[in-house]
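See structure below.
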Amino acid sequence: YDLNTGSDVGVLSVRKLGSQWVQPRTLSYNPAERAVIVTSPADNGIYELVGLPKDQSNELRDSTADGKRGQGSSAIFVARNRFAVLDKVAQTIEIRDLSNSVTKTVKPPIQTNDIFYGGTASLLLSSPNSVVLFDIQQAKVVAEITTPPVKYAVWNSDQSMVALISKHTITIANKTLGQSCLIHETIRIKSGAWDDSGVFVYSTLNHIKYALFQGDNGIIQTLEQPVYLTRVKGKTIYCLDRTARPRTITIDPTEYKFKLALVQNKYDEVLNIIRTSNLVGQSIIAYLQKKGFPEIALHFVQDKKTRFELAIECGNLEVALETAKSIDRPESWARLAQQALKQGNHKVVETAYQRTKNFDKLSFLYLSVGSLDKLSKMQVIAEKRGDQMSKFHNALYSGDVKARIAVLRDVGMQPLAYLTAKTNGLEDLAEQILASAGIKESDIEGLESIGLSTLRPPPVVTQTANLLWPSLATEENFFDKALANGHVADYIHGEGAADGAHTLDSWEAGEPDGGAAGDGEDVAVEEGEGWDLEEEVVEPDATHLNAAEDVVPEDEGDAAAAAPGVPEPELWARNSPFAADHAAAGQFESAMQLLNRQIGAVNFEPLKPQFMALYRSAHVFFSPTASLAPLQLHIRRDPEVRLPVIRRTLASIKSGELAEGYRFVSAGKLEDAATSFKAILLQLMLVTVTTKEEAADLQDTIVSAREYLLGVSMELERRKVVKEDPTNVRRSLELAAYFAHCKLQPAHQILALRNAMSVFTKAKNPVAAGKFAQRLIELGPDAKVVASARQVMNAGQNGRDTVEISYNEFTEFDVCAASYAPIYKGSPLVKDPFTGACFLPDYLGKLSPLTEVTEI
């Protein structure tokens, strides 16, 4: 039978093998010798070895003409010129050659009911409760696996996997019968074949199913009549029906290919299947959840409740917050708050508590993070709500003794109010309380001498209201990069905080529904909001890694044990060429020297908070007993490496402050963006890297922050010029053009070009505006922006510029980061050694305005 053409031709008749009423049982084919062995259960088991004719004649030969017969319940080829025959009654295995002569007789090691091919010179021996891999030449057991009685053994194409099919089970194992899995079916299993990708496809009475090596299985297709599989190729199954006629069945292998790719970590193939198929359903979602891929299941789910559950399970607070806003039910907010607390993201916790109006927990949260201003707002809210217990709690948390006394007096607890005033040294207030009660201090019986109270909240050492708990810095996984969509990727933790602060202000002001946050609207800004860009503009409209210091080895030998050990912080400073490690060790002087040599730092005042934070985060003090001085522990970033933990890594800066700075630019909040990127540059001065790839990534991040800070600073200067000197149109146009010259991300480059196009159009410079419009179209913005840009281009084709500016787009140039003037290629310039920013020679030796730390 030709699988490709579907044609068949008879080559041999086996009608006379055994009884005409008993069909042949098995067939074993030897392609090297073009020979087959056919067995029949007739006469207690017989076999016949026949060579197939080489010529395709019309005459159908009978197997008895030149076939070689013998007794045996099973017979299979085990080598090119050898086959094995099982005598079930005598429990012997005979190895015969092609002339049907016995070359070797072997006694099986177990009670054998059937034999199957087990590889060259090997057999699989089936017993009632196990299968043994038996080496014929050495006559020994190689491996054994427990399984129900096996009817068929099916090997894959490269002989690396075998499927042992029983009546109701399939055991999948490798060639040494290891790493097995057992699949059980309630309906009888009929047949099976291996797919080219390594998936076993099998048929039952009414289904075609698949099984993965790891044990996962599922239904491919329902059958009207049973079929017997012979081959699986791509989307086609070749099989025999019950009338023994060959037929093909077309299947959809997407589901098992998806699961196989997922198990094998072939994420590019998983991504391709997700994008090109309609693989959606509760079974796939449940499978992903069960296998520990809830983040991938998120990309399949549209149902808000299911999406929320998956986001909570995989700890994705961004998606969880987004879906919680859509669901807006108290139980969802409560679960979100619980998950956010586990991750130390108190800004999301704040939003959740505010949405559910959980004022008690909200007050305690503000106490925990040291947000005294919000605690005072909570006092005002409690006053408006008339909740005396909440008023007392907030007064206690904020240390407002007079407010506590006022609450106690309001609820009629005059004795407690008097004692509170007395123990806090408020003698005048204590006298007022006694006077209002109509008694004197001498009238109080049994009152012992009262000392001053020490009950007050501890002082805030570190303000953490705007800081989230540090989390393990990890790279974005494959699916975060490839499948992130807009409504997930645009979220940053700060949005929840903005929502929370607005809600708190509205509650304090007495607004009934909590202001904007109460009406369910998101606070996320759209791209370009705040830039004041009309759609129709036209009317008609280095690095600091170059210092390599030798790592100082620790003292070795017996003499070292006699001398005091080297303090851990001192080892940190010895073992590292990075200023951050020296600052964490408390070696501020050497840290400043390193920064001076590596990046030309001369003014360290802006870095003082960074130095202090690095030092504080690398040391822990605790008192085991009150009578002892506190013990100091030094925290390593790796237990095996004597280097300090660093509070901010490159990955955390990129995912936190840098992403927030990008969003400030998108929203048009340029002052905030400038502050953010300046702070980022200071943080990048104190980042440690370990590989060349990390060093290159650090340098790219420094350049990106520099370009954004320079561009935003020029746009702020342009707006200042427009406001203070509106007649200086030339300078305004130059700054807009230079801003569009900065190397920004495509989304922000589009904003800069739209800004320049708008400014030049309003100044009646249509030719220059048209050039910016052409660059804008090349970036592929949305259709409305493209339409506006084409109008500008058309207007500039026959127009003339009215204002001449110092800007030549055809000549390569840099922008002076101090004067915002162009420095064309070949002109003398000086640079900031850290950021690489260019300056005119007049600024040599001055502080860089970008960092206010390094010297030009």
Side-chain angles (χ1 to χ4, degrees), residues 531-533 537-538 665 670 673-674 677 703 706-744 748-779 789 792-793 795-832 835-850 856:
W531 279 85
D532 193 25
L533 299 174
V537 234
V538 180
V665 176
L670 300 189
F677 286 115
V703 172
R706 176 199 74 198
E707 290 293 311
Y708 272 89
L709 178 57
L710 177 59
V712 166
S713 301
M714 288 191 293
E715 177 60 16
L716 288 172
E717 178 67 18
R718 187 192 70 79
R719 295 182 182 186
K720 181 180 178 182
V721 169
V722 171
K723 184 177 180 180
E724 297 180 357
D725 188 8
T727 59
N728 194 355
V729 179
R730 173 176 177 173
R731 184 56 175 163
S732 174
L733 295 178
E734 288 175 348
L735 291 170
Y738 301 154
F739 181 30
H741 176 74
C742 292
K743 299 179 181 66
L744 311 178
H748 302 139
Q749 190 73 48
I750 288 174
L751 289 175
L753 289 170
R754 289 178 64 189
N755 181 60
M757 187 174 71
S758 175
V759 170
F760 274 77
T761 300
K762 291 176 181 177
K764 295 182 171 46
N765 270 32
V767 177
K771 295 176 181 177
F772 290 118
Q774 184 175 2
R775 287 177 57 193
L776 178 60
I777 292 173
E778 292 172 356
L779 290 177
V792 173
M793 285 182 62
Q797 289 177 355
N798 300 319
R800 291 185 59 187
D801 290 343
T802 59
V803 180
E804 292 186 5
I805 63 172
S806 177
Y807 173 70
N808 184 358
E809 72 274 16
F810 300 110
T811 305
E812 187 178 339
F813 69 91
D814 294 297
V815 178
C816 176
S819 64
Y820 308 137
I823 308 175
Y824 289 100
K825 186 175 182 179
S827 302
L829 56 81
V830 290
K831 287 190 175 184
D832 173 3
T835 64
C838 298
F839 296 86
L840 292 169
D842 298 342
Y843 293 93
L844 180 65
K846 296 182 180 179
L847 274 182
S848 170
L850 298 182
I856 301 169

Heavy-atom check, side chain of Pro822 versus side chain of Tyr807, under 4.5 Å: no

Would you call Val759 and Phe772 a side-chain contact if the rule is heavy atoms closer than 4.5 Å? no

State, yes or no, whether a side-chain contact exists between Tyr820 and Ser713 at a heavy-atom distance under 4.5 Å. yes

Considering non-hydrogen atoms only, spot the tightest contact between Met714 and Cys742 and give its length. CE-SG, 3.5 Å

Answer yes or no: is there a side-chain heavy-atom contact under 4.5 Å between Glu778 and Gln774? yes

Distance only, no hydrogens: is a donor on one side chain within 3.5 Å (strictly under) of an acceptor on the other, for Tyr708 and His748? yes

Between Arg775 and Ala740 (side chain of the first, backbone of the second, donor and acceptor by atom type, cut-off under 3.5 Å), is there such a pair? yes

Measuring from Arg706:CZ to Thr835:OG1, what's the distance to the nearest 0.5 Å? 6.0 Å

Distance from Ser732 atom OG to Glu717 atom CD, nearest 0.5 Å? 10.5 Å

Using 0.5 Å steps for rounding, measure from the SG atom of Cys816 to the CD1 atom of Ile856. 7.5 Å

Can you tell me if Ser758 and Asn755 form a side-chain donor-acceptor pair at under 3.5 Å? no

Non-hydrogen atoms of Ser819 and Leu840 that approach each other most closely: OG-CD1, 3.5 Å

Return the CG to CG distance between Leu716 and Leu670, rounded to the nearest 0.5 Å. 5.0 Å

Would you mind checking if Arg731 and Glu734 are paired as a salt bridge, meaning a charged N to carboxylate O distance below 4.0 Å? yes

Where Ala763 and Thr802 come nearest, the two heavy atoms and their spacing: O-OG1, 3.2 Å

Do Lys831 and Phe839 have side chains that get closer than 4.5 Å, going by heavy atoms? no

Checking Ile777 against Met793 for the side-chain contact (heavy atoms from CB on, under 4.5 Å) test, could you report, in this order, the C-alpha distance in whole Å, the side-chain angles of both residues, the deciding distance, and whether it holds? CA-CA 10 Å; Ile777 292 173; Met793 285 182 62; 3.4 Å; yes

Restricting to non-hydrogen atoms, name the atom on Ala736 and the atom on Ala756 that form the minimum distance, rounded to 0.1 Å. O-CB, 3.9 Å

Drop me the distance from Cys838's SG to Ile823's CD1, to the nearest 0.5 angstrom. 6.0 Å

Phe813-His741 aromatic ring centre distance below 6.0 Å: yes

Side-chain contact, heavy-atom cut-off 4.5 Å: Arg730 with Ser806? yes

Closest approach of Ala789 and Leu776, non-hydrogen atoms and distance? CB-CD2, 4.1 Å

Which heavy atom of Ala817 sits nearest a heavy atom of Ala837, and at what distance? CB-CB, 4.2 Å

Any sub-3.5 Å donor-acceptor pair from Asn765's side-chain atoms to Val803's backbone N or O? yes

Yes or no on side-chain contact (heavy atoms from CB on, under 4.5 Å) for Ile805 and Tyr738, after CA distance, side-chain angles and deciding distance? CA-CA 11 Å; Ile805 63 172; Tyr738 301 154; over 6 Å; no

Does some side-chain heavy atom of Val815 sit less than 4.5 Å from a side-chain heavy atom of Phe739? no

Supply the atom-to-atom distance Gln749 CD to Leu753 CG, rounded to the nearest 0.5 angstrom. 5.0 Å

Student check: side-chain heavy atoms of Leu850 and Phe677 closer than 4.5 Å: no

Main-chain N/O of Met757 paired with Thr761 side-chain donor or acceptor, under 3.5 Å: yes

